[in-house]
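Naming: A, B, ... by sequence-line order, numbering from 1 per chain. Note that the structure is predicted; figures quoted are calculated from it, not measured.
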Amino acid sequence: DIQMTQSPPSLSASLGETISIECLASEGIYSNLAWYQQKPGKSPQLLIYGASSLQDGVPSRFSGSGSGTQFSLKISSMQPEDEADYFCQQSYKFPRTFGGGTKLELK
Amino acid sequence: QVQLKESGPGLVQPSQTLSLTCTVSGFSLTSYNVHWVRQPPGKGLEWMGRMRYNGDTSYNSALKSRLSISRDTSKNQVFLKMNSLQTDDTGTYYCTRDDYGWFAYWGQGTLVTVSS
């Protein structure tokens with residue numbers, strides 16, 4: 001199985017701060033990576049697909065980059081509504097696998 | 001409008017079988033794959049398996065011996081059955097639609113507690 005390692009596990013950011021979350025795949029997955037945001041008690045919401053394509057309706061402060069084994073999600077200006085858990089997911093091979101998650105809090 | 005909705009018992013006794021239903025609307029099960037993903041309380045996401053548009057299935061090898069996914073296209077429903085439940089199977093179970101490998105549409109999730 002492809003292991004997805006996310007870092008950091010938790011992060012605290014100030015309003016307006018730029019943050020990055022990293023996701024490392026145990027083998028190359030080209031650009032077959034998605035990022036999700038999950039708020040407490042809610043289902044995950046797709047933010048980024050194909051490593052860098054922004055899902056419709058997602059604010060432009062979110063961006064994704066990377067290919068192969070190293071990927072990152074950037075939030076360019078932290079907003080209160082961005083407090084959530086974030087997960088990466090590879091879609092290159094089965095079983096589909098997710099990163100362990102990053103908990104983002106507002107400082 | 002694409003919608004998915006999970007339903008099933010909230011409480012299952014240890015060693016018993018879990019049966020969940022995912023009812024979809026706004027798209028056809030013969031055109032899209034539907035997956036099941038679960039999440040233990042306070043933890044990450046685990047892919048369980050999928051029902052392909054053509055009726056084929058794929059399973060997580062860690063669950064394969066206990067898991068079965070089926071469907072009724074006339075009712076727009078996908079079913080999950082998992083036997084020999086234990087306490088670590090407690091969590092929220094989601095069905096989600098596969099759009100080119102990623103999951104843009106999710107159900108609200110259904111919490112399953114395994115307890116006597």
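With rounding to the nearest 0.5 angstrom, the CG atom of A:Asp1 is 6.5 Å from the CG atom of B:Asn60. To the nearest 0.5 Å, atoms CG (B:Leu45) and OG1 (A:Thr97) are separated by 11.5 Å. The CZ atom of A:Arg96 sits 11.5 Å away from the OG1 atom of B:Thr96 when rounded to the nearest 0.5 Å.
Linking ILVMFWY residues whenever their side-chain heavy atoms come closer than 4.5 Å, directly or via other members, places B:Val78 and B:Val112 in the same cluster. Residues B:Leu11 and B:Leu18 fall into different hydrophobic clusters, defined by Ile, Leu, Val, Met, Phe, Trp and Tyr side chains chained together at heavy-atom separations under 4.5 Å. In the hydrophobic clustering of this structure, B:Tyr100 groups with A:Leu46; members are Ile, Leu, Val, Met, Phe, Trp, Tyr whose side-chain heavy atoms approach within less than 4.5 Å, directly or through other members. Both A:Phe62 and A:Leu106 are assigned to one and the same hydrophobic cluster, defined by single-linkage of ILVMFWY side chains at heavy-atom distances under 4.5 Å. The hydrophobic clustering, which links ILVMFWY residues whose side-chain heavy atoms are closer than 4.5 Å, places B:Val114 and B:Leu111 apart.
For B:Lys43, the NZ atom counts as loosely surrounded, since its 6.0 Å shell holds 12 or fewer non-hydrogen atoms of other residues, nucleotides or ligands. Under a cut-off of 6.0 angstrom, the local environment of CD in A:Gln70 is sparse, with at most 12 non-hydrogen atoms contributed by other residues, nucleotides or ligands.
B:Phe103 touches chain A through backbone and side chain together, each having a heavy atom under 4.5 Å away. When heavy atoms are compared at a cutoff of 4.5 Å, A:Lys103 does not approach chain B at all. Proximity to chain B is absent for every atom of A:Tyr92, based on heavy atoms less than 4.5 angstrom apart. In this structure, the portions of A:Pro44 lying under 4.5 Å from any heavy atom of chain B include both its backbone and its side chain.
With A:Gln45 contributing its side chain and B:Tyr105 its backbone, the two residues share no donor-acceptor pair below 3.5 Å. A:Ser43 contributes a side-chain N or O that, together with a main-chain N or O of B:Gly107, makes up a donor-acceptor pair within less than 3.5 Å.
Side-chain contact between B:Trp47 and A:Phe94 is present, with heavy atoms from C-beta onward closer than 4.5 Å. Using a 4.5 Å heavy-atom cutoff, the side chains of B:Gln39 and A:Gln38 are in contact.
Contact count against chain A (heavy-atom pairs under 4.5 Å) is highest for B:Gly101 among B:Gly101, B:Gly109, B:Gly44.
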